[in-house]
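Everything numeric here is computed off the predicted structure, so don't read it as measured data. Values below: every heavy atom of this structure, side chains too, minus hydrogens, waters and symmetry copies.
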Amino acid sequence: MRLALATLAFAFGTCVSAQNASRGPDGYRNNYAHGERASFWAWQWERMRDGLPKPPPGGWNLPAVKTDPAQLRAPEGNPSVAWIGHATVLVRLAGRTVLFDPIFSERASPLPAMGPKRVVPLPIDIEELPRIDVVMISHNHYDHLDESTVRRLAAMPQGSPRFLVPLGLKRWFTDLGIDRVEEYDWWQRTTEGPLAITFVPVQHWSRRRLDDTNQTLWGGWVVEGEGLKLVHTGDTGYSKDFRDIGERLGPFDMAFIPIGAYAPRWFMQVMHLDVAEAVQVREDLRAARAIGIHWGTFESLSDEPLDEPPATLVKQREGRGLAREQFDVMKIGEVRRLR
């Protein structure tokens with residue numbers, strides 16, 4: 001009896017401590033106070049006035065390779081990471097294959113013929129992937145949650161992966177006929193075989209339609225297994241959340257941190273890191289290594305040159321006395337060992 005009561009008390013306490021997302025009459029809120037999001041239309045007017053963004057003559061020359069499907073299946077390649085582009089990261093760890101924020105479409109847009117277009121060809125397509133055990137979604141913006149992609153993943157011949165999503169997003173999946181979907185609040189945990197997975201808070205926002213602003217949650221994902229601890233921070237502005245994550249779940253062996261889509265700062269600062277902030281996030285997380293993501297993939301998401309973030313990262317590393325392996329970038333399509 002005493003053991004049963006203790007078990008109930010532990011379960012109830014865990015549940016209460018996990019339910020951390022604050023929701024008001026206007027939807028979910030970030031943990032820490034920040035400035036208001038600036039006017040989207042004022043930004044669009046500024047872009048039109050100044051002719052931004054400005055691609056170079058002859059177009060962008062961004063680092064990319066074709067991903068070898070056999071390399072993603074070879075057991076001697078584990079544990080490993082493949083950067084598919086933008087925030088799409090494939091990780092093989094502890095005999096499982098997990099996919100963060102997959103978008104395999106040509107555009108990050110609700111419209112097939114309009115919106116930000118892929119600058120570098122997709123390095124690998126869904127039918128070439130190994131079986132995907134878990135898909136983790138950070139939030140419901142179009143460049144992180146793509147309907148065509150999740151439909152195709154759910155229909156893979158090896159079977160549908162589990163989809164782990166923030167609070168409020170499960171219904172969107174079930175309306176598509178995808179049933180292997182689970183919602184998570186900040187700090188809630190689950191397992192996938194030997195992997196431990198935790199949804200963590202970051203500073204952002206959500207919207208898919210004109211009438212659903214902040215009606216679904218946002219966040220990052222921590223994955224632990226095979227003696228390694230990884231974190232994918234999704235899409236985020238800078239906040240104390242990263243120190244909280246580092247203190248509560250760190251230190252980390254690897255962090256996937258966005259370094260692009262930061263200009264103009266007057267508009268992007270609340271929602272997107274710049275490179276200096278990304279380097280600080282690595283420190284706050286207590287991550288031994290980091291890979292910069294969320295850059296060089298889709299045109300017109302922001303105003304900085306698409307090849308600027310990695311060049312700025314080199315300067316930031318030098319200024320802070322960091323080695324390249326402590327915060328690096330990958331080629332789109334590249335596969336790297338995690339050990």
Side-chain angles (χ1 to χ4, degrees), residues 18-38 40 86-89 98-103 108 110 134-147 149-150 163-173 181-190 197-223 230-245 248-249 255-262 267-273 277-278 281 284-285 293-294 301-302:
Q19 305 298 318
N20 258 3
S22 173
R23 182 164 187 170
D26 297 326
Y28 290 103
R29 300 171 176 171
N30 288 307
N31 274 331
Y32 296 101
H34 56 75
E36 292 294 318
R37 282 187 294 115
F40 172 82
H86 202 53
T88 305
V89 176
V98 302
L99 191 57
F100 299 94
D101 282 1
I103 174 168
V134 184
V135 171
M136 284 167 258
I137 303 295
S138 66
H139 66 296
N140 71 346
H141 285 157
Y142 285 96
D143 57 326
H144 294 256
L145 175 57
D146 177 63
E147 179 177 334
T149 296
V150 298
F163 290 89
L164 310 185
V165 305
L167 288 179
L169 263 177
K170 181 175 181 177
R171 182 174 176 179
W172 183 85
F173 280 80
V181 55
E182 304 158 24
E183 285 185 343
Y184 288 85
D185 198 351
W186 289 337
W187 303 115
Q188 280 192 305
R189 294 169 66 87
T190 187
I197 300 171
T198 308
F199 190 50
V200 293
V202 302
Q203 179 176 293
H204 204 56
W205 66 295
S206 68
R207 185 169 71 189
R208 199 161 193 88
R209 308 184 309 266
L210 293 177
D211 63 347
D212 69 347
T213 301
N214 295 343
Q215 297 306 301
T216 62
L217 193 54
W218 51 88
W221 293 96
V222 170
V223 180
L230 320 175
V231 56
H232 184 291
T233 62
D235 215 353
T236 180
Y238 184 75
S239 72
K240 186 177 174 292
D241 291 300
F242 298 109
R243 275 180 280 167
D244 296 340
I245 296 166
R248 191 160 174 172
L249 297 177
F256 305 110
I257 304 173
I259 61 170
Y262 50 73
F267 179 73
M268 294 291 186
Q269 185 167 12
V270 170
M271 61 192 93
H272 288 161
L273 303 169
E277 289 171 332
V281 166
D284 291 352
L285 290 169
I293 60 171
H294 204 268
L301 284 177
S302 56

Examine His144 together with His294 and report whether their ring centres are nearer than 6.0 Å. yes
Just do the side chain to side chain contact (heavy atoms under 4.5 Å, CB included) check on Val231 and Leu285 with the steps written out, would you? CA-CA 9 Å; Val231 56; Leu285 290 169; 3.9 Å; yes
Is the side chain of Ser206 donor-acceptor paired with the backbone N or O of Thr216 at a distance under 3.5 Å, no angle test? yes
If we count only N and O atoms by modelled type, under 3.5 Å, do the side chains of Arg23 and Gln215 hold a donor and an acceptor together? yes
Can you give me the closest heavy-atom contact between Thr88 and Ile103, atom names plus distance? OG1-N, 3.1 Å
Which pair of heavy atoms, one from Ser302 and one from Ala261, lies closest together, and at what distance? OG-CA, 3.0 Å
If we only count heavy atoms from C-beta on, is the Ser22 to Asn31 side-chain gap below 4.5 Å? no
Less than 4.5 Å apart, side chain to side chain, heavy atoms only: is that true for Phe163 and Glu182? no
Looking at side-chain heavy atoms only, is the closest gap between Gln269 and Phe267 below 4.5 Å? no
Does the side chain of Pro258 reach to within under 4.5 Å of the side chain of Thr233, using non-hydrogen atoms? yes
Taking atom types as modelled, find out whether Tyr28 and Asp185 have a side-chain donor-acceptor pair closer than 3.5 angstrom. no
For Asn20 and Trp187, work out which heavy atoms get closest and say how close. ND2-CD1, 2.8 Å
List the atom of Glu183, the atom of Leu169, and the distance in Å for their closest heavy-atom pair. OE2-N, 3.2 Å
Step by step, work out the side chain to side chain contact (heavy atoms under 4.5 Å, CB included) result for Val270 and Tyr238. CA-CA 7 Å; Val270 170; Tyr238 184 75; over 6 Å; no
Write down the atom of Gly219, the atom of Val202, and the distance for their closest heavy-atom approach. CA-CG2, 3.7 Å
If you define the side chain from C-beta out and look only at heavy atoms, does anything of His272 sit under 4.5 Å from His204? yes
What's the separation between atom OG1 in Thr236 and atom CG in Leu273, rounded to the nearest 0.5 Å? 5.0 Å
Say you draw a straight line from CG of Leu301 to OH of Tyr262; how long is it, rounded to the nearest 0.5 Å? 13.5 Å
Thr190 versus Tyr184, side-chain donor and acceptor atoms under 3.5 Å: yes
Using a 3.5 Å distance criterion without hydrogens, assess whether the side chain of Asp212 forms a donor-acceptor pair with backbone atoms of Arg207. no
In terms of heavy-atom contacts, Pro166 and Ser138 come closest through CG-O, 3.4 Å
How long is the gap from CZ on Arg37 to CE on Met268, to the nearest 0.5 Å? 11.5 Å
Can you tell me how far NE2 of His141 sits from CG of Asp235, rounded to the nearest 0.5 angstrom? 7.5 Å
Compare all side-chain heavy atoms of Gln188 with those of Thr198 and state whether any distance is below 4.5 angstrom. no
Could you check whether any side-chain heavy atom of Val200 comes within less than 4.5 Å of a side-chain heavy atom of Leu249, counting everything from C-beta outward? yes
Is there side-chain contact between Phe199 and Leu217, with at least one heavy-atom pair below 4.5 Å? yes
Between Ile259 and Ile293, is the side chain to side chain contact (heavy atoms under 4.5 Å, CB included) condition met? List the steps. CA-CA 6 Å; Ile259 61 170; Ile293 60 171; over 6 Å; no
Scan side-chain atoms only and decide if Trp218 and Asn30 contain a donor-acceptor pair under the 3.5 Å cut-off. yes
So NE2 of His232 and CG of Leu99: to nearest 0.5 Å the spacing works out to 9.0 Å
Go through the steps for Val134 and Phe100 under the test side chain to side chain contact (heavy atoms under 4.5 Å, CB included), then give the verdict. CA-CA 9 Å; Val134 184; Phe100 299 94; over 6 Å; no
Rounded to the nearest 0.5 Å, the CG atom of Asp101 sits from the CG atom of Leu145 at a distance of 8.0 Å
